[in-house]
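Chain naming here is simple, since letters A, B, ... match the order of the sequence lines and numbering starts at 1 in each. Just so it is clear, the model here is predicted, and its values are computed rather than measured.
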There are 2 protein chains.
Amino acid sequence: MSSATTPARGRRRSEQTRLAILTAAYELTTEVGYPDLTIEGIAARAGAGKQTVYRWWPTKADVLLEALALKADLKVSTADQGSFEAELDAFLQDSAALMAFPGVAPVLRSLMAEAQRDADFRRRFRDGFLLKRRAALETIVERAAARGDKPDRLTGAFAADVVFGLIWYRILATERLLDEDDIAALEQLLTEHPGKE
Amino acid sequence: MSSATTPARGRRRSEQTRLAILTAAYELTTEVGYPDLTIEGIAARAGAGKQTVYRWWPTKADVLLEALALKADLKVSTADQGSFEAELDAFLQDSAALMAFPGVAPVLRSLMAEAQRDADFRRRFRDGFLLKRRAALETIVERAAARGDKPDRLTGAFAADVVFGLIWYRILATERLLDEDDIAALEQLLTEHPGKE
DNA sequence: TCCTCAATTCGAGACGTTGCGTCTCGCCAA
DNA sequence: TTGGCGAGACGCAACGTCTCGAATTGAGGA
């Protein structure tokens, strides 16, 4: 069960080929679009065999998911900024910047679309991407609660639904990215203290 | 440009076949799932020829979009209820009921996914479905503004982004439907009057 | 130390299958 | 006479699997 039981005999996986495949997938998506992205095309562009791709990734969506993590730095700011408002702002700024990174929005659209079609990928996408993003935001809300900084009746889960709901709805249903006004409106909505002040 | 210029010569379109195709598409989607839904399968189930389907709908997604309108009553409550809160509640209750209607959530998932892949369908889906839903909610916000009932700094567009963002994020990224607690939390979020009270 | 063998990945591409969207046919209704 | 109808043949494209010989790596014997 441990790695010690598998001394890794035989030829090792080529890291160079792995990177070539991920890069080819990302570039091809921006060039021809996700529907016309094929495993065959990825392999050809990367100078690899089809079997090499199929050996390591179950679907083209999984290739793209890993390529996204490679291309765009997916770490989000969850550092303690002293106040709920400051941390929420940092998180939203990071998210907006990520969305604005070239090619990211189309790739996210494609991955979410694929997650609706393929139940297995849906699980991998949720565990490997969506839930990680949620966890980051919920950490901020929990810290605010411990700090006594959190608006009443606001739960981490609901805050995540609202924030990611807005972000994803913008990506999927509109063509608009998050701008400063959106971030300001969202912060105002979530940081109000009803019944106080 | 008017219908008078087309005296409708030749055999008329069969309404019976149209309904059979829409019903077959809706049922097949719930049975085999959207990815395995094919025009050939729809035609076979409906006892129609492939060409009959292709003649009237450009893609299977368009068939399903029309089938959705047929199966689930898509009208939303925009009647004047006297207050912003009452109208928002009625709208959210209607939306939650629609989502809970058998087969609606999977169909909505499929249509949104298809809209990410096909730019032409994307436009039809937006104009024929998404924007109509938005307009209904924005009507409510505008009436509240005229009534002096609207929270400060809340715009119809932003309210629509938040509400539909939450609904769609729930459909696409989670498996949870809107429940009463969600509706209550959303209403509280949107009806607070910061700086007043 | 050196050699041989098994294990594993690699690039390349052949293969059968599937569903696509178009086209054609004869029939039928307005 | 015009155009929708059911039925299905047709060529095309991409799928995912399989096979091939070469390259790389570790294990174990000489």
> When the nearest nucleotide of DNA chain D is assigned to D36(A) and to G10(A) on a heavy-atom basis, which residue is associated with the more 5' position?
Replying inline: D36(A)

> Tell me: CD1 of I42(B) to P of dG21(C), nearest whole Å?
Replying inline: 11 Å

> Separation of D120(B) atom CG from dG21(C) atom P, in whole Å?
Replying inline: 13 Å

> Any side-chain heavy atom of V162(A) within less than 4.5 Å of one from L166(A)?
Replying inline: no

> When the distance from CD of E15(B) to C1' of dG4(D) is rounded to whole Å, what number comes out?
Replying inline: 14 Å

>> Looking at dC5(C), I'd like to know if its phosphate oxygens (OP1 or OP2) sit under 4.0 Å from a side-chain N or O belonging to R9(A).
In response: no

> What's the OH-C1' distance between Y54(A) and dC15(C), to the nearest Å?
Replying inline: 14 Å

> Between R133(B) and E138(B), is any pair of side-chain heavy atoms under 4.5 Å apart?
Replying inline: no

> Does the side chain of R55(B) get closer than 4.0 angstrom to OP1 or OP2 of dC5(D) through an N or O atom?
Replying inline: yes

>> Can you tell me whether the side chain of K50(A) and the base of dG13(C) have a donor-acceptor pair closer than 3.5 Å?
In response: no

> When the distance from CD of Q16(B) to C1' of dA29(C) is rounded to whole Å, what number comes out?
Replying inline: 14 Å

> T17(A) side chain N/O closer than 4.0 Å to the phosphate oxygens (OP1, OP2) of dT9(C)?
Replying inline: no

> Whole Å only: how far is the CG atom of D62(A) from the P atom of dG16(D)?
Replying inline: 12 Å

>> Any side-chain to backbone donor/acceptor pair from R134(B) onto A160(B)? Under 3.5 Å, distance only.
In response: no

> What integer distance in Å separates E40(A):CD from dC12(D):C1'?
Replying inline: 13 Å

>> Under 4.0 Å from OP1 or OP2 of dC5(D): is there any side-chain N or O of R13(B) that close?
In response: no

> How do W56(B) and P58(A) order along DNA chain D: which one's closest nucleotide is nearer the 5' end?
Replying inline: W56(B)

> Looking only at heavy atoms, what is the nearest atom pair of L68(A) and F129(A), with distance?
Replying inline: CD2-CE1, 4.0 Å

> Any donor-acceptor pair under 3.5 Å between the side chain of R11(A) and the base of dT25(D)?
Replying inline: no

>> Taking only side-chain N and O atoms of T38(B), does any of them lie within less than 4.0 angstrom of OP1 or OP2 on dG19(C)?
In response: no

> On DNA chain C, nearest-nucleotide positions of K60(B) versus A43(A): which is more 5'?
Replying inline: A43(A)

> Within the pair S14(A) and dC10(C), is there a side-chain N or O less than 4.0 Å away from OP1 or OP2?
Replying inline: no

>> Expressed as a whole number of angstroms, how long is the span from I39(B):CD1 to dC23(C):C1'?
In response: 16 Å

>> Other residues, nucleotides and ligands only: do more than 12 of their heavy atoms fall within 6.0 Å of CD on E31(B)?
In response: yes

